[in-house]
Each structure stands twice: as structure tokens, then as C-alpha cells.
Amino acid sequence: MDLVGTLDRVFTVGESLRRWRQRRGISQLDLAIAADVSARHVSLVETGKSRPSAEMVLRLAEQLGVPLRDRNRLLLAAGHAPRYGERPLDDDVLRQAIGRVLGAHEPFPALAFDRSWNLVLANRAFGRFLDRVDPDLLRPPVNLLRLGLDPRGFAGMVVNLADVRAMFRARVGRQLATAPDPELAALFEELLAAAPEGVAGPAADVVLPMILRVDGRELRLFSTITTFGTPTDITLDEVAIESYYPADDDTAEYFTAGPA
């Protein structure tokens with residue numbers, strides 16, 4: 001499937017809002033009720049017969065769950081100034097906030113990445129695995145999809161690689177369906193489009209672990225994804241934190257014991 005397609009086309013604010021609404025699978029009436037406006041007004045905005053105020057654009061975008069970066073684009077398309085700022089990834093305040101979350105997860109691995117799966121920051125436990133990959137893969141920006149699927153990266157350590165690849169494919173596919181991104185769409189086509197549709201291995205009792213073979217041991221990890229609540233900065237809005245947990249006692253002991 002062509003996920004890059006028409007991403008470069010410039011849409012009017014009405015067309016863009018309609019596409020976001022259709023992507024969310026809700027009707028004009030449902031959106032109108034949620035945003036406390038008339039369905040007729042939503043229709044007029046979508047057809048370009050009414051120019052929405054900045055407040056109306058943001059109200060509709062909020063109900064549609066539009067990311068902050070795309071809310072700025074909607075505002076610009078409607079002739080208004082952008083509302084949200086964007087700190088650089090090396091901003092001290094931003095990195096301190098992310099670093100606190102990652103550090104609190106020690107001694108288990110955790111990392112932060114942006115909407116294109118580029119590594120933002122990792123804690124020391126995750127760094128133990130980065131030390132084992134080809135340095136060429138660690139040249140910025142470090143992309144986690146490439147790192148995870150390249151034999152010189154984590155692919156050489158992952159026992160259930162088919163399962164992990166299928167998981168990546170499902171996660172990125174859902175992400176693109178929710179919030180299209182040209183860079184991520186290109187990565188999907190390059191690395192994941194030909195991947196198997198389903199999970200290759202047997203079903204797990206509760207959650208599918210990632211199994212790593214390290215130093216002659218098999219480490220079983222499952223993960224959770226966390227985002228920051230009510231961000232007002234684009235960069236922070238696009239950062240996700242993946243925290244890994246041991247799926248068995250042997251894996252827990254490997255991390256709690258520290259480096260050999």
C-alpha cells in the first residue's frame with residue numbers, strides 16, 4: 001500500500017478537518033455534538049463555505065485528537081498564526097523531564113523516541129544493549145526501526161525476530177492510520193511493508209515478550225508505552241517513552257545484578 005501517496009498535497013483547512021474526521025471514523029453530527037457546535041457549521045467549515053476562527057479550529061482539532069504539529073498546520077491553512085511552540089531536542093528543560101522518567105525506571109531499560117521512531121534519550125540499562133550494536137547504526141539520528149531490524153543491531157540478538165517484526169508492523173501501521181507522517185511512511189514501505197501480517201510464534205499467556213539472547217542467556221522482556229499528559233510543546237507531544245519489564249525472574253536478576 002502507498003502510505004506516502006498524497007501526504008505532500010496542500011489541503012484547505014476544511015478538507016484537512018474532513019480527512020481527520022474520516023480518519024477517526026466519526027460523523028459530522030458526532031463531531032458537532034462533541035465540540036458543542038451545530039452540524040451545519042461543521043459542514044460549512046469542511047466545504048469551505050465558512051472560514052473558522054482560530055478557536056473553532058482548535059476546538060474541532062481537540063475533539064479529533066489532532067497532534068499539536070498538525071493543529072498548527074490547520075491554523076495556518078485557516079489563515080491564523082500557529083499556537084504551539086517547538087523546543088529543540090537538546091533543550092535542557094525537555095531533556096531533564098524525559099531523563100527523570102527514564103531514570104526512575106532503572107535498573108530496567110527505557111528509552112524515548114519521536115514520531116518517526118528516532119531515539120531521543122535512553123537510560124543506562126538500555127545503553128548496555130547499545131554497546132553491542134554496530135557503531136554505524138548509532139550515528140544520529142538513531143532510528144529504532146532500523147536498529148531493531150538490522151542484523152548489525154538488535155536483530156542479531158532477538159530470538160523471536162518474526163514476532164517482533166510483526167509487532168513493529170502493526171504498531172507503525174496503527175500510528176500512520178492515526179497521524180500520517182511522510183518520514184515514517186517511507187520507513188514503513190522500506191522496512192515493514194513486506195513483513196508477515198500476523199505474529200509468527202505461539203501466543204503468549206498474557207503478553208508477547210521480546211526474547212533477547214545476551215551473554216548466553218535468554219532475556220524475556222515486555223514493554224509499556226507512555227506519553228506526557230497535556231503537553232503544550234510540539235516536541236514533547238511527539239515523544240513516547242517505552243519502558244521494558246522483565247517477564248521472568250531470570251531476566252529480572254540479570255538487570256538487578258548489574259553489569260558483569
Side-chain angles (χ1 to χ4, degrees), residues 7 16 20 54-55 57-59 61-77 80-131 133 135-148 153-154 168 171-172 174-188 191 210 221-245 255:
L7 286 173
S16 295
W20 279 107
E55 289 68 26
V57 170
L58 293 175
R59 185 188 301 184
E62 175 69 24
Q63 298 305 319
L64 292 170
V66 177
L68 300 191
R69 182 181 300 277
D70 296 288
R71 294 187 196 191
N72 273 353
R73 290 171 178 162
L74 289 172
L75 288 166
L76 287 169
H80 305 297
R83 185 67 60 89
Y84 302 99
E86 182 176 4
R87 294 174 183 265
L89 283 173
D90 60 358
D91 178 84
D92 287 341
V93 174
L94 185 148
R95 293 183 76 85
Q96 286 175 9
I98 297 173
R100 288 192 184 99
V101 177
L102 298 180
H105 193 63
E106 294 279 4
F108 305 117
L111 67 153
F113 56 96
D114 65 17
R115 68 189 284 175
S116 298
W117 288 61
N118 293 318
L119 181 65
V120 174
L121 205 61
N123 67 6
R124 289 172 296 178
F126 190 81
R128 292 171 64 180
F129 296 114
L130 293 180
D131 291 341
V133 307
D136 285 344
L137 294 174
L138 300 180
R139 294 175 180 172
V142 178
N143 186 269
L144 293 174
L145 294 179
R146 295 189 186 282
L147 190 64
F154 289 118
F168 275 157
R171 278 177 56 179
V172 176
R174 289 194 300 269
Q175 184 179 340
L176 288 170
T178 302
D181 174 78
E183 182 180 348
L184 186 58
L187 281 169
F188 184 97
L191 301 173
M210 177 174 64
L221 298 161
F222 67 92
S223 67
T224 61
I225 304 294
T226 304
T227 57
F228 286 87
T230 62
T232 58
D233 177 84
I234 290 174
T235 303
L236 197 59
D237 182 51
E238 295 177 349
V239 168
I241 292 176
E242 185 150 18
S243 303
Y244 289 89
Y245 296 84
F255 289 103

Quick check: do F188 and L145 have side-chain heavy atoms less than 4.5 Å from each other? no

Taking C-beta and beyond as the side chain, do L74 and L58 meet within less than 4.5 Å on heavy atoms? no

Mind checking whether L144 and F154 have side chains closer than 4.5 Å, heavy atoms only? no

Would you say that L221 contacts F255 through its side chain, given a criterion of any heavy-atom pair below 4.5 Å between the two side chains? yes

Between E62 and R71, does any NZ, NE, NH1 or NH2 come within less than 4.0 Å of an OD or OE carboxylate oxygen? yes

Let me confirm one number: the CG-CH2 distance from L147 to W117, rounded to the nearest 0.5 Å. 11.5 Å

Between the side chains of D131 and R128, is the shortest nitrogen-to-carboxylate-oxygen separation below 4.0 Å, so that they form an ion pair? no

Determine yes or no for a side-chain-to-main-chain donor-acceptor pair under 3.5 angstrom, with N72 supplying the side chain and P82 the backbone. no

Indicate the ring-plane relationship of F108 and Y245, choosing parallel, tilted or perpendicular according to the 30° and 60° boundaries. tilted

Counting only N and O atoms by type, is there a donor-acceptor contact under 3.5 Å from the side chain of E106 to the main-chain atoms of R124? yes

Taking the side chain as C-beta and beyond, is there a heavy-atom pair between L121 and R95 under 4.5 Å? yes

Is the backbone N or O of R73 less than 3.5 Å from a side-chain atom of D70, with the two atoms forming a donor-acceptor pair by type? no

Do T235 and P88 have side-chain heavy atoms sitting under 4.5 Å apart? no

Within the supplied structure, the quantity of interest is the number of heavy atoms (other residues, nucleotides, ligands) at a distance under 6.0 Å from R171 CZ; does it exceed 12? yes

Considering the options E183, Q175, E238, which one meets the side-chain hydrogen bond (donor to acceptor under 3.5 Å, both in side chains) requirement together with S116? E183

